[in-house]
Amino acid sequence: MGWTSPKTWTNTHVRRGELNTHLRDNLLALKYPAFGLYDIIESSDYSTTNTSFADLDATEGKFLHTIDVIGDGNGGNGDVFVCLNATVYSSTTIRIYFRVLLDGVAQNADDGLMFTGTFSGMRCASFLFPIRNVAPGSRAFKLQWKVSGGTGVLLARAGTSTRDLAGQFWVREMS
Amino acid sequence: MAWTEPITWTNVLSDASDFNEQIRDNLLALKQPPTSHYEANELSNYSTFSTTYANLDSDWSFSFSSNGGDLLIGLAACATGLDFGLLDVLIDSTRIANNTSGGIRKIVSSNTTNVSFLRWVRGLPAGTYTITLQWKNNSGGANSNTMRAGAGTVNEDVHPRFWVREVS
Amino acid sequence: MGWTQPQNWTAVPFSVSNLNTQIRDNFIALKDPPSAVYNVDESSDLALASTSWADVDGTSGKFNLSITTNGGDVMVGLHVTGAVTAALVIYLDIMVDGVAIGGNEGIIGKFIGAAATVVDGEIGFFRIIEGLAAGSHIFKLRYKVSTSTFTLFRGAGTASADMVGQFWVREIS
């Protein structure tokens, strides 16, 4: 069961198999698209001192989601939305940068998609953007980060006093 | 592929064109909704001293054909505004915030920071709209607002994206 | 009218009501899912000063949205602007049907430093709530501050702060 390119109907002698494939299965594919979500809850917060982009956590289902992309429904490429909703922390004044890789290829060149601005203390790190022209098939989306210096922390509801916050990272084919 | 409002079926002796319109075309319309998207990779960053709302430039303006329904409008960007600035979205001749002194997103920091937003516009009638990201410098002083545009600024070389998508 | 789990077609002749339920109603359900949006546009801004969890504004239709879902996932989003006169941290959480989804400090937090003057703070998130049962659900935005007051701008015409934010919920599957 999955998506099938909607057929062009040429007569009204409809077979039930056709209705199952072209109506039932396609409706279900629209209702439940490819989707990977990570509720960022761990026993310890994430931290980095990397000043070059590196993986946060490449464990499948965490900051790496491999999903089966349908595409545009007619054999062509489609769109996938990527979202990070998190809180970051630093005890010193730094910047934290984020980018997304698709099948190992950075989708945001140079210094990435966004950075937090120069800050110390807590800051929201939230973005949502579409990756366009994603080819049908199994696709891996991975979040990476880096800092300008010092140590950047991404809070993971780890029970840290006054910083016990639960973020999310998700990717979803948007029809 | 265009969306056609689903009919109420009154008999089962349907012809093939009904099935094509109601099933095939509507499935494709849901699968491939109207979408516009721009990712900046410019030679220089955007900046403005203008104290009235103006377009960033023509790349940030879309002619968007909607089937009717809801739109999701998003910006992922980093900018700086020592005298602080404002962002808004113009749909045809009406800004979303539609007020004289504000907007939907502020650029407020003296150092470059994230100015992203996501916005719903609900119940748009079917038709073609011009959707444009606009900004202004609120103080009009000696300092401009600057949005990074993948222009190679050291440690701030990010590539903003602006997009619109029909989501119903 | 709403979403009906697509049936397995086992016999053709099918009925008119089948076509309407399976085709018409399901397409409409996909095209126009349950949604609620609050454009934050009021006659005054809002002072948030509670150091323990509290509603931002429990008025129905404001930061308290209700939708009747078909069962599945819901996305909740927020984007607002505010200001402080003293350095503080503001924490946000979502309460779904009376149950908070975040940790002790919620789902997102932001430190906003201040000198002696008003300093502006943008805050926002997009959150997916998975697997809600079909039926009516209430989504409330909750907050607390570490100290002092976070003034939430509400399109009230405040000079240099006339910002119109948004809080929304939408069924996405």
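Nothing here was measured: the structure is a model prediction, and the numbers come from that model. A, B, ... follow the sequence lines: proteins, then strands. Residue 1 opens every chain. Both backbone and side-chain heavy atoms feed into the values below; hydrogens, waters and symmetry mates do not.
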Inset, instruction - Might you work through the side-chain contact (heavy atoms from CB on, under 4.5 Å) test for Phe125(C) and Gln168(A), ending with a clear yes or no? - result: CA-CA 10 Å; Phe125(C) 60 77; Gln168(A) 251 187 8; over 6 Å; no
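Annotation: the span from Asn85(A) atom CG to Ile108(C) atom CD1 amounts to 4.5 Å, rounded to 0.5 Å. How far CG of Asn104(C) is from CZ of Arg157(A): 7.5 Å, rounded to the nearest 0.5 Å. Taken from CD1 in Ile172(C) to CZ in Arg172(A), the straight-line distance is 3.5 Å, to the nearest 0.5 Å.
Not one N or O on the side chain of Glu105(C) forms a donor-acceptor pair closer than 3.5 Å with the backbone of Leu165(A).
When heavy atoms are compared at a cutoff of 4.5 Å, Asp93(C) does not approach chain A at all. Proximity to chain C (any heavy atom under 4.5 Å) is shown, for Arg123(A), by both the backbone and the side chain. Using a 4.5 Å cut-off between heavy atoms, Cys83(A) contacts chain C through its side chain alone, with no backbone atom that close. Heavy-atom distances place the side chain of Phe35(A), and not its backbone, under 4.5 Å from chain C. For Leu37(A), the part sitting under 4.5 Å from any heavy atom of chain C is the side chain, from C-beta outward, and nothing else.
Side-chain contact between Leu19(A) and Gln22(C) is absent, with no heavy-atom pair separated by less than 4.5 Å. Between Trp170(A) and Glu130(C) there is no side-chain heavy-atom pair separated by less than 4.5 Å. Under the 4.5 Å side-chain criterion, counting only non-hydrogen atoms from C-beta, Asp39(A) is in contact with Arg127(C).
Put simply, of Thr162(A), Asp164(A), Thr87(A), the one with the most heavy-atom pairs under 4.5 Å next to chain C is Asp164(A). Between chain A and the options Gly72(C), Gly109(C), Gly124(C), heavy-atom pairs under 4.5 Å are most frequent for Gly109(C).
Across all non-hydrogen atoms, the minimal contact from Ala166(A) to Gly102(C) is CB-CA, 4.4 Å. Nearest heavy atoms, Cys124(A) versus Lys110(C): SG-CB, 3.8 Å. Counting all heavy atoms, side chain and backbone alike, Phe126(C) lies closest to Phe127(A) at CE1-C, 3.6 Å.
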